[in-house]
Amino acid sequence: MTLPEKPSIDGLDDKWSAIWAQNGVYRFVRPAVREQVYSIDTPPPTVSGSLHVGHAFSYTHTDIIARFQRMRGKHVFYPMGWDDNGLATERRVQNYYGVRCDPSLPYDPEFKAPEPVAGFAKKDRPHVVDVSRRNFIELCERLTAEDERVFEHLWRRLGLSVDWSLNYTTIGAGAQRTSQAAFLRMLAAGEVYQDEAPTMWDIDFGTAVANAEMIDKEVPSAYHRLVFTVDGEPVHIETTRPELLPACVALVAHPDDERYKPLFGREAVTPMFGVRVPVVAHPLAKSDKGSGIAMVCTFGDQTDVVWWRELHLPTRTLVGRDGRLQPLDFTTLPCADPGSAQRAYAPLAGLSVTQARKAIVAALGEAGFIDGEPRPTTHAVKFYEKGERPLEIVSSRQWFIRTTAHREELLERGESIVWHPAHMKARYDDWVRGLNSDWLISRQRFFGVPFPVWYPLDGEGKPDYEHPLVPDESALPVDPQSAVPPGYGEEQRGVPGGFTGEPDVMDTWATSSLTPQLACGRLNDPELYRLTFPMDLRPQGHDIIRTWLFSTVVRSHIEEGETPWRHAALSGWILDPDRKKMSKSQGNVVIPEHLIDEHSADGVRYWAASARPGTDTAFEPKQMKVGRRLATKLLNAAKFVYGFPEAAADATVGEPLDAALIESLRRTVTEATRALEAYEYTTALAAAERFFWTFCDDYVELVKQRAYDGSDSARLTLRLALDTVVRLLAPFVPYVTEEVWSWTHETSVHTEAWPVADEFAGISGDAGLLPAASEVIRVVRKAKSEARLSMRTDVPRVEVAAPAEPAEAIRSVEGDLRNAGRIGEIAYSVAAELKVTVELPEAG
């Protein structure tokens, strides 16, 4: 054994990550039975730029559990996926290359990727280049491949014990085949369907959005008091969206509102356009909001959709997919003067929603249809979580997975999951109980898994959506934009009597909800699937319970009749100094690479492990410094301990202080083990760290002279304690523990057995002895320090006043105390509690 002259934690990440990769330390080896496996449904990070410190935070939590289970003897199935499809990737490609997808353009096989423009100032950027759908997808594939290499490098530096041979993506051929096969099975079972319905629409991205992807934002607005009439009498409607007046199809009030009961069943006339609309009753109308009566427009918000559906109202589609007001034909509407209405509407057609609002307010005001001044307000408006403008509700044909029909079964699935922390289950339950629509899974985008569907065209070239054409599962994956359905030829694409391919792609959650099936090889590796599914752990952020966790439960319930995992471990957010969540969209993220350079990977991991499951945590580099200090102390303590010759082969722990330390270690092992079994990694780290510092600061100081003098009991205890604490800390600070372990072992500490209390069988000690002895030495050191004396100064006399039993225990380690404190005499007296008095040498 050769100990390093000056051990350092710098460079350990590069050294050991290379050795781990070379030796396949973390490679999953298939056992014979499922019970020997611990499988993890690792979150596939979105490949759309760079990882930030929040990723390092949450993925460290998962790795701690993986390393613990591996040391417990489990065959840990720990894959890494890349979530590289969807809007986030498309936006990154658009901004990086300065391109825009135009599906009408033909594919250019000679197309070369433009030079990146991401680093240019906006004013210096070249014009946006329009590219075909297929060329755009190729750019997405190229950039995500580059990003994935960068991500993997960072994950390796952080010390994730992933089996990198198990990588998968959410858009590769394997993912497409799995996703499309699952879709076809659900289609055959009636669990997925297509419908023309009002859907939330993001104008900028040009796609429908699912309920789970929406967020509320408070925005400033104003109430405008519009004057309708019923039989010539005014009825006032207060609205924040006067631009939707042309789409008004009814007025609605609460059925118990005495003010409006006389109007129910009669017709109102809209201002400016003169369209007759019914006055109806519905319990969702709020008597205390505005004037107590509202206009129903198709569509202003989700309540409009409910009223439209339940009251069987007509549809007047006003806002188009581009966010602009569409042409309306007033000759088809019940109005007294269609020509006048058409002329009033003409200036509005083609305007954006914002422009139309200003224009119609001005026109209404000029015509006397607004009562009073606008009343400022703020209210919650739906946004796509990645969007910058409010969502609109647009009628469109979309694909849905049935979820509301499975509400009770999905609640039961939630009951079968062990939640860490337990209170997070309430978020899942609340979301499931609040479901009011099925899961919309289609997106009008490009870089995603295509729906494997074509539609026959009738004699006029119109699609027959009721009789979709589908491929055989053996033909998957297919892209209906380039492949042809069975029995057709390419020359029949887009012509009457031929076919057309489904242009939409699946929502990213519709594919990432299949991560258990993707990672475990449902379609291509039945043996692996048998060994790993249902999985043991789903780790993820608490903010995506309603999206990723919920959607995975839905898919597994419908397709497997199973709950996808046994445990769900939730991580919190990382907060910036203003207590805001760190996120790329907020522009307040910290990239972890330089943090690893400065504080070491172990230091960063220590900070991450110091936050309890599900708890939002402030970004705190000071904690990383503490972690680096711990790692450095472990190197130095190990060098000191391993510097002593090994104890004799038949040596035993025979001295009271040594046995006391082992008893404390036994209890620490039990506490840390129970904590990690309960996924309380913070508690486990605190227990191991507390013992380590007691070992270094107190025990080592107390016994080092005895160890120098050749005590086998001291030397054996030092090694036994150090080897155990290294294993206890290994899941948290893997690099420094591997380095220390390598000085005296040929194997990796990460494949060693997790310590158990039985390792100390036959050693019995007084757990209270070490704290008592430590208190004596602490007081002696404090007295020397306050007197500004060297710690090597001899102390003539120390008096220990204590109850009989503690006094007797301290007397049993008097030799160690005298050596450690350079004490001449220790006197004892009886007292109710421990008190130590130090007699210092006289000055001079």
Side-chain angles (χ1 to χ4, degrees), residues 194-201 208 226-231 235 237-255 260 263-286 293-346 348-351 353 356-357 360 364 369 391-398 400 436-438 440 462 465-466:
Q194 196 178 38
D195 190 24
E196 177 85 27
T199 50
M200 302 304 291
W201 188 272
L226 308 188
V227 183
F228 285 66
T229 59
V230 176
D231 294 334
V235 176
I237 302 293
E238 294 192 11
T239 179
T240 60
R241 300 209 61 183
E243 72 277 10
L244 298 183
L245 177 62
C248 178
V249 293
L251 300 187
V252 61
H254 194 278
Y260 300 111
L263 302 184
F264 296 150
R266 296 163 68 183
E267 287 187 330
V269 177
T270 65
M272 197 160 84
F273 303 107
V275 177
R276 297 189 305 277
V277 297
V279 183
V280 295
H282 194 281
L284 284 182
K286 296 180 179 179
I293 187 168
M295 64 177 185
V296 183
C297 302
T298 52
F299 296 94
D301 58 21
Q302 296 280 29
T303 307
D304 276 345
V305 176
V306 174
W307 285 330
W308 166 80
R309 181 179 292 118
E310 295 186 3
L311 297 171
H312 308 289
L313 298 172
T315 303
R316 291 180 193 146
T317 303
L318 181 67
V319 180
R321 294 187 178 193
D322 59 357
R324 296 182 178 275
L325 270 58
Q326 301 185 105
L328 287 181
D329 182 2
F330 283 86
T331 62
T332 64
L333 303 182
C335 58
D337 189 347
S340 176
Q342 200 74 56
R343 288 190 295 274
Y345 181 74
L348 304 176
L351 296 183
V353 167
R357 183 176 305 151
I360 202 168
L364 287 167
F369 290 122
L391 294 169
E392 295 293 344
I393 300 181
V394 174
S395 288
S396 58
R397 182 170 292 278
Q398 305 288 345
F400 298 85
N436 56 19
S437 61
D438 288 334
L440 189 156
K462 295 180 179 179
Y465 293 113
E466 300 301 318

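When reading the values below, keep in mind they use all heavy atoms of this one structure, side chains included, and skip hydrogens, waters and symmetry mates. As the structure is a prediction and not an experimental result, all values here were calculated from the model.
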With a cut-off of 3.5 Å and sequence neighbours excluded, list every side-chain donor-acceptor pair involving residues 311-320.
from: T315; atom 1: OG1; to: W308; atom 2: NE1; distance (Å): 2.8
from: R316; atom 1: NH1; to: C248; atom 2: O; distance (Å): 2.7

Just so I know, are the side chains of V269 and T229 near enough to count as touching, which here means a heavy-atom distance under 4.5 Å?
yes
Taking only residues two or more places apart in sequence, or in another chain, which ones meet F273 in a ring pair (Phe, Tyr, Trp, His ring centres under 6.0 Å)?
F330
Are side-chain heavy atoms of D329 and Q342 found at a separation under 4.5 Å?
yes
Hey, what do you get for OH (Y345) to CE (M272), rounding to the nearest 0.5 Å?
10.0 Å
Minimum side-chain heavy-atom gap Y465-E196 below 4.5 Å:
no
So D304 and I393, do their side chains get closer than 4.5 Å, heavy atoms only?
no
Looking only at non-hydrogen atoms, find the nearest pair between V279 and L263 and report the distance.
CB-O, 3.4 Å
Taking the side chain as every heavy atom from C-beta outward, state whether F264 and V280 have any pair of such atoms under 4.5 Å apart.
no
With side chains defined as the heavy atoms from C-beta onward, is the minimum distance between S395 and T298 less than 4.5 Å?
no
For P242 and I360 the tightest heavy-atom approach is O-CD1, 3.6 Å
Looking only at heavy atoms, the pair that brings I293 and A253 closest together is CG1-CB, 4.0 Å
Mind checking the CG-CD spacing from L284 to E310? Nearest 0.5 Å is all I need.
6.5 Å
Locate the shortest heavy-atom distance separating G350 from R324; write the atom from each residue and the value.
O-NH1, 3.0 Å
Can you tell me how far apart CZ (R397) and CG (D195) are? Round to the nearest 0.5 Å.
7.0 Å
Check whether any side-chain heavy atom of V249 lies under 4.5 Å from a side-chain heavy atom of W307, and answer yes or no.
no
Could you give the distance from CE (M200) to OG (S396), rounded to the nearest 0.5 Å?
11.5 Å
Answer yes or no: is there a side-chain heavy-atom contact under 4.5 Å between F299 and T199?
no
Closest approach of C335 and G274, non-hydrogen atoms and distance?
CB-O, 3.2 Å
Please, which pairs that meet salt bridge (Lys or Arg N to Asp or Glu O under 4.0 Å) have at least one residue in residues 241-254, sequence neighbours excluded?
R241-E243, R241-E392, E243-R357
Over all heavy atoms of both residues, which pair between L244 and C297 is shortest? Give the atoms and the distance, please.
O-SG, 3.4 Å
